[in-house]
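Start at 1 with the first residue, then count along the sequence. This structure is a prediction, so every number in the text was calculated from the model and none was measured. What's counted below: heavy atoms across the whole structure, side chains too, no hydrogens, waters or symmetry copies.
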Amino acid sequence: QVQLVESGGGLVQAGGSLRLSCAASGRPFSSYAMGWFRQAPGKEREFVAAIRWSGGNTYYADSVKGRFTISRDNAKNTVYLQMNSLKPEDTAVYYCASAEWGTGDVHEYDYWGQGTQVTVSS
């Protein structure tokens, strides 16, 4: 059974930083792409970042480009999202997910974590 468990969320002031982690188990982690998505109250789930299986290719939503960095450690079966220069509009529940290719399409991802809350105060 595939499990994805996020951690690292919390409350931070605008301009601050957080690092999210997502620990994966249940299938060969290094064979799959990983993505981060977020969902704010009343809004649809949106793509944040993705990383291919090798870690050599990364993709970002325009809204986070230059502020967020996705990375992975295949030896630890973990993917990370370093979030810097946080803004109040980054407030959302953040989810990690697993996919074969790792695009920005939410429908491509077949396994999801339970989410972790990130709140950025102004």
Would you indicate whether the side-chain heavy atoms of [Y] and [X] approach each other to under 4.5 Å?
X      : Y      : answer
Leu18  : Leu86  : yes
Met34  : Cys22  : yes
Glu46  : Gln39  : no
Glu108 : Trp101 : yes

Check whether more than 12 heavy atoms from other residues, nucleotides or ligands sit under 6.0 Å from atom NZ of Lys43, and answer yes or no.
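Counting neighbours around NZ of Lys43, 12 or fewer heavy atoms of other residues, nucleotides or ligands fall under 6.0 Å, so no.
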Within a 6.0 Å radius of atom CD on Gln114, are there more than 12 heavy atoms belonging to other residues, nucleotides or ligands?
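Atom CD in Gln114 is crowded, with more than 12 foreign heavy atoms closer than 6.0 Å.
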Going by an N to O cut-off under 4.0 Å, is there a salt bridge joining Asp90 and Lys87?
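Salt bridge flag = no for Lys87 with Asp90.
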Checking [Y] against [X]: is there a side-chain donor and acceptor pair closer than 3.5 Å?
X     : Y      : answer
Ser98 : Arg27  : yes
Gln13 : Ser121 : no
Ser17 : Asn84  : yes

Tell me the closest heavy-atom pair linking [X] and [Y], and the distance in Å.
X     : Y      : value
Ala14 : Ser122 : CB-CA, 4.3 Å
Asn77 : Asn74  : OD1-O, 3.1 Å
Met83 : Leu20  : CE-CG, 3.7 Å

Do [X] and [Y] sit in one hydrophobic cluster, given that two such residues count as connected whenever their side-chain heavy atoms are within less than 4.5 Å of each other, even indirectly?
X      : Y      : answer
Tyr80  : Tyr111 : no
Val120 : Tyr60  : yes
Tyr59  : Trp53  : no
Val79  : Tyr95  : no
Val5   : Val48  : no

Under the side-chain contact (heavy atoms from CB on, under 4.5 Å) rule, what do Ile70 and Phe68 come out as? Steps first, then yes or no, please.
CA-CA 7 Å; Ile70 188 171; Phe68 291 11; over 6 Å; no
Reported [atom1]-to-[atom2] distance for the pair [X] and [Y], which is rounded to 0.5 angstrom:
X     : Y      : atom1 : atom2 : answer
Arg52 : Tyr32  : CZ    : OH    : 15.0 Å
Phe29 : Arg72  : CZ    : CZ    : 4.0 Å
Leu4  : Tyr109 : CG    : OH    : 12.0 Å
Leu81 : Ser71  : CG    : OG    : 8.5 Å
Arg38 : Glu44  : CZ    : CD    : 14.0 Å

For the pair Thr116 (side chain) and Gly9 (backbone), establish whether a donor and an acceptor sit closer than 3.5 Å, ignoring hydrogens and angles.
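Yes.
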Any sub-3.5 Å donor-acceptor pair from Gln82's side-chain atoms to Thr69's backbone N or O?
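Checked: no pair found.
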Aromatic ring pairing Phe47/Phe37, orientation class (parallel under 30°, perpendicular over 60°, tilted between)
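It falls in the perpendicular class, over 60°.
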One pair to check against side-chain contact (heavy atoms from CB on, under 4.5 Å): Val118 and Leu11. What are the steps and the verdict?
CA-CA 6 Å; Val118 171; Leu11 173 64; over 6 Å; no
